[in-house]
Trainee: 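Sharing a structure with you now.
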Amino acid sequence: METNLNIQDNKETFEILKDFPLKGIYYQGEYGIIDTRFKKESKIYIDALNDILFKMIEHKQSFDQAVFHSTRFEILEDYSQGFLNQQQLSDYLKDSYMDETMAGGNPINDVYIR
């Protein structure tokens, strides 16, 4: 298996990747090929994808639960489309993860907690 993610090569993982809404994934394994890379994936971005996938695979969460907050999804999507640079992505994700920690992993009415 070749991939840019920290995942196991199994059918369940492949099914999750097949429907994953964010770009930047590269997987070539027993179940097929998925390549949605956009050339400038940073380690910070890939780490965020790995965090989401870990929650989806290990904790059986939906994508919406695993991403924690629609703002985090928007941040990752904006980066993948070239609207944010790596430093902006890093800053926004730090805020997002701090919010998740403060909220105990439970988004409250989809409003940023400050």
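As the structure is a computational prediction, the values presented were derived from the model and not from experiment.
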Trainee: Do the non-hydrogen side-chain atoms of Leu76 and Ile52 ever get within less than 4.5 Å of each other?
Mentor: yes
Trainee: CG/Leu5 to CD/Glu41 distance, rounded to the nearest 0.5 angstrom?
Mentor: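 Between atom CG of Leu5 and atom CD of Glu41 there are 9.5 Å.
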Trainee: Could I get the full list of side-chain hydrogen bond (donor to acceptor under 3.5 Å, both in side chains) partners for Ser80, not counting sequence neighbours?
Mentor: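 Partners of Ser80 by the side-chain hydrogen bond (donor to acceptor under 3.5 Å, both in side chains) criterion come out as none, since no residue qualifies.
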Trainee: Please list all pairs passing the salt bridge (Lys or Arg N to Asp or Glu O under 4.0 Å) test where one or both residues lie in residues 75-91, with sequence neighbours left out.
Mentor: none
Trainee: Using side-chain hydrogen bond (donor to acceptor under 3.5 Å, both in side chains) as the criterion, list what pairs up with Asp9, not counting sequence neighbours.
Mentor: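 Residues passing side-chain hydrogen bond (donor to acceptor under 3.5 Å, both in side chains) with Asp9: Tyr27.
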Trainee: Can you name the residues that form a side chain to side chain contact (heavy atoms under 4.5 Å, CB included) with Lys11, not counting sequence neighbours?
Mentor: Glu15, Tyr31
Trainee: Could you tell me whether the side chain of Leu17 reaches within less than 4.5 Å of the side chain of Thr3, counting heavy atoms only?
Mentor: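 They are not in contact (no side-chain heavy atoms under 4.5 Å apart), so the answer is no.
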Trainee: Sequence neighbours left out, what passes side-chain hydrogen bond (donor to acceptor under 3.5 Å, both in side chains) with Gln86? Give chain and number order.
Mentor: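 Once residues adjacent in sequence are excluded, Gln86 has no partner under the side-chain hydrogen bond (donor to acceptor under 3.5 Å, both in side chains) criterion.
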Trainee: State which residues pass side chain to side chain contact (heavy atoms under 4.5 Å, CB included) with Gln88; sequence neighbours excluded, sorted by chain then number.
Mentor: Leu84, Asn85, Tyr92
Trainee: Which heavy atom of Leu22 sits nearest a heavy atom of Phe73, and at what distance?
Mentor: CD2-CE1, 3.7 Å
Trainee: Is the shortest side-chain heavy-atom distance between Met1 and Thr13 below 4.5 Å?
Mentor: no
Trainee: Please enumerate all residues that pass salt bridge (charged side-chain N to carboxylate O under 4.0 Å, His left out) together with Lys39, with sequence neighbours excluded.
Mentor: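 Counting only residues at least two positions away or on another chain, Lys39 forms no salt bridge (charged side-chain N to carboxylate O under 4.0 Å, His left out).
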Trainee: Identify, with sequence neighbours excluded, every residue that meets salt bridge (charged side-chain N to carboxylate O under 4.0 Å, His left out) alongside Asp35.
Mentor: Arg37
Trainee: Checking Thr36 now: which residues fulfil side chain to side chain contact (heavy atoms under 4.5 Å, CB included) with it, not counting sequence neighbours?
Mentor: Lys23, Ile25, Ile34
Trainee: Leu93 versus Tyr45: any side-chain heavy-atom pair under 4.5 Å?
Mentor: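 A side-chain contact is absent here, since even the closest heavy-atom pair is not under 4.5 Å.
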Trainee: Among all residues two or more places apart in sequence or in another chain, which pass the side-chain hydrogen bond (donor to acceptor under 3.5 Å, both in side chains) test with Asn4?
Mentor: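 For Asn4 there are no side-chain hydrogen bond (donor to acceptor under 3.5 Å, both in side chains) partners, ignoring immediate neighbours.
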Trainee: Phe20: which residues meet the ring pair (Phe, Tyr, Trp, His ring centres under 6.0 Å) condition with it, sequence neighbours left out?
Mentor: Phe63
Trainee: Listed by chain and number, what are the side chain to side chain contact (heavy atoms under 4.5 Å, CB included) partners of Gln61, not counting sequence neighbours?
Mentor: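 By the side chain to side chain contact (heavy atoms under 4.5 Å, CB included) rule, Gln61 matches Lys55, His59, Gln65, Ala66.
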